[in-house]
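All values reported here derive from a predicted model rather than from experimental measurement. Whatever order the structure lists them in is the order used to number ligands and atoms, beginning at 1.
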Amino acid sequence: MDNLRFRPRRLRRNPAIRGLVRETRVSKSSLIYPLFVEEGTGIAAPIPSLDGQFRYSPDTLPRALEQVCEAGVPAVMLFGIPAQKDPEGTSAWAENGVVQQALREARARFPELYLITDVCLCEYTSHGHCGLLRGQEVDNDRTLEVLARTALSHVQAGADMVAPSDMMDGRVLAIRETLDRNGFSETPILSYAVKYASAFYGPFRDAAGSAPGFGDRKGYQMDYHNSREAVREALLDVEQGADILMVKPALAYLDVLAEVARATGMPMAAYSVSGEYAMIKAAAKSGLIDEASAVCESAVSIFRAGADILISYYAKELAGWIDEGRIG
Ligand code: PBG
């Protein structure tokens with residue numbers, strides 16, 4: 001084999017050379033940690049479907065945020081669990097709603113932490129759908145106004161960025177116009193631009209009590225047979241003023257992530273959702289896989305596919321593994 005001039009193994013022989021030629025670099029500055037805030041006081045309740053995750057009330061949330069800051073994770077994404085739900089989801093935009101309370105608390109105590117909020121109605125509606133209903137159907141256009149109002153109330157309470165996850169058509173524009181009109185033209189929108197109707201949201205819906213009371217979300221979330229549609233959705237959101245695009249879930253949609261990143265040139269976020277977390281947790285707990293190795297490999301694969309940002313329930317642990325040099 002004297003003429004084997006190109007030997008890929010030369011670049012794998014020790015950690016130093018592997019480090020020099022590494023194609024994907026990961027950093028704690030790319031991580032977002034999702035957190036559930038529940039209306040009430042003194043709550044720090046383990047979430048049965050998400051082993052290791054908790055629901056906090058606004059007064060106990062600072063404890064959780066302290067851990068996030070200590071881990072070096074720069075940003076959180078807040079989801080609200082209100083005390084009262086109604087068909088119109090009015091607690092989503094209430095001045096003293098649970099997310100609004102949490103934001104004021106967090107803003108005052110953690111000025112450096114970047115606060116993002118999920119903007120959707122499914123946690124606030126008694127029927128569990130992401131929009132207002134007309135009969136048994138979600139009324140897209142009537143929902144837009146409520147979403148915009150919700151986003152504005154979050155920003156007024158201290159959110160640095162809003163992330164609409166409802167999948168109504170036109171919501172990025174509705175939110176952008178409302179924020180601009182109210183003096184928040186500098187506040188970015190992270191759009192859940194490409195969100196598939198996925199079985200991997202199951203543990204989240206248990207955590208947030210947001211499973212639809214009837215039907216499913218296939219009328220507004222995407223069909224997983226499609227990827228060209230993802231590019232169309234993404235481009236529409238760019239036109240409407242989205243600053244960052246998200247693909248969700250992450251692992252089963254890496255092809256979509258790569259394609260949307262290429263087609264739009266936009267900053268890309270990937271959401272490694274509750275079912276992805278729960279699968280690794282369960283397999284690790286049964287001794288079937290090594291948790292840290294599996295999480296690190298998954299996270300790097302998401303960045304390799306084109307994500308700039310990773311939203312993960314493992315964000316704090318990932319930050320630690322990056323510090324240890326397991327990935328980086
Ligand atoms: C709200 C929302 C959901 C998730 C994020 N925002 C649930 C859904 O669409 O049913 C899922 C997140 C996860 O599974 O971790 N619409």
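- Contacts between D166 and ligand 1, counted as non-hydrogen atom pairs separated by less than 4.0 Å, are absent for every part of the residue.
- A salt bridge is defined here as a Lys NZ or Arg NE, NH1 or NH2 lying under 4.0 Å from an Asp or Glu carboxylate O, and R262 with E259 meets this definition.
- Residue S210 places no N or O, backbone or side chain, under 3.5 Å from any N or O of ligand 1.
- Between E317 and R326 there is no salt bridge, since no side-chain nitrogen of the basic residue lies less than 4.0 Å from a carboxylate oxygen of the acidic one.
- Within the structure, ligand 1 lacks E276 among the residues with a heavy atom less than 4.0 angstrom away.
- Close approach of ligand 1 to Y271 is summarised as follows: ligand atoms under 4.0 Å from at least one heavy atom of the residue are 12 (C), 15 (O).
- Each of the atoms 8 (C), 9 (O), 10 (O), 11 (C), 14 (O) of ligand 1 lies under 4.0 Å from some heavy atom of Y201.
- Other members of the cluster containing I17 are L11, L20, V21, with ILVMFWY side chains joined at under 4.5 Å, either directly or via other members.
- The part of C120 lying near ligand 1 is the side chain, judged by heavy-atom distances below 4.0 Å.
- The K248 neighbourhood of ligand 1 comprises atoms 2 (C), 3 (C), 4 (C), 5 (C), 6 (N), 11 (C), 12 (C), with distances under 4.0 Å to a heavy atom of that residue.
- The ligand atoms of ligand 1 that sit less than 4.0 angstrom from a heavy atom of S165 are 1 (C), 2 (C), 6 (N), 16 (N).
- At least one heavy atom of K195 sits closer than 4.0 Å to an atom of ligand 1.
- Under 4.0 Å is where a charged nitrogen must lie from a carboxylate oxygen, and between D166 and K195 no such pair does.
- The C122 neighbourhood of ligand 1 comprises atoms 1 (C), 16 (N), with distances under 4.0 Å to a heavy atom of that residue.
- Not close to ligand 1: Y277, with no non-hydrogen atom less than 4.0 angstrom away.
- Salt-bridge check for E95 with R104: passed, with a basic side-chain N closer than 4.0 Å to an acidic carboxylate O.
- Every residue two or more places apart in sequence or in another chain that forms a salt bridge (charged side-chain N to carboxylate O under 4.0 Å, His left out) with D180 is listed here: R176.
- Taking a cut-off of under 4.0 Å to the non-hydrogen atoms of R205, the atoms of ligand 1 that pass are 8 (C), 10 (O).
- For the residue pair D118 / S165, a side-chain donor-acceptor distance below 3.5 Å is found, with atom types taken as modelled.
- In summary, of the residues considered (F204, F54, Y56), a ring-ring contact (aromatic ring centres under 6.0 Å, His included) with F36 occurs for F204 alone.
- Panel note: side chain T143, backbone L132; a donor-acceptor pair is recorded below 3.5 Å.
- Listed by number with element, the atoms of ligand 1 under 4.0 angstrom from any heavy atom of Q221 are 8 (C), 9 (O).
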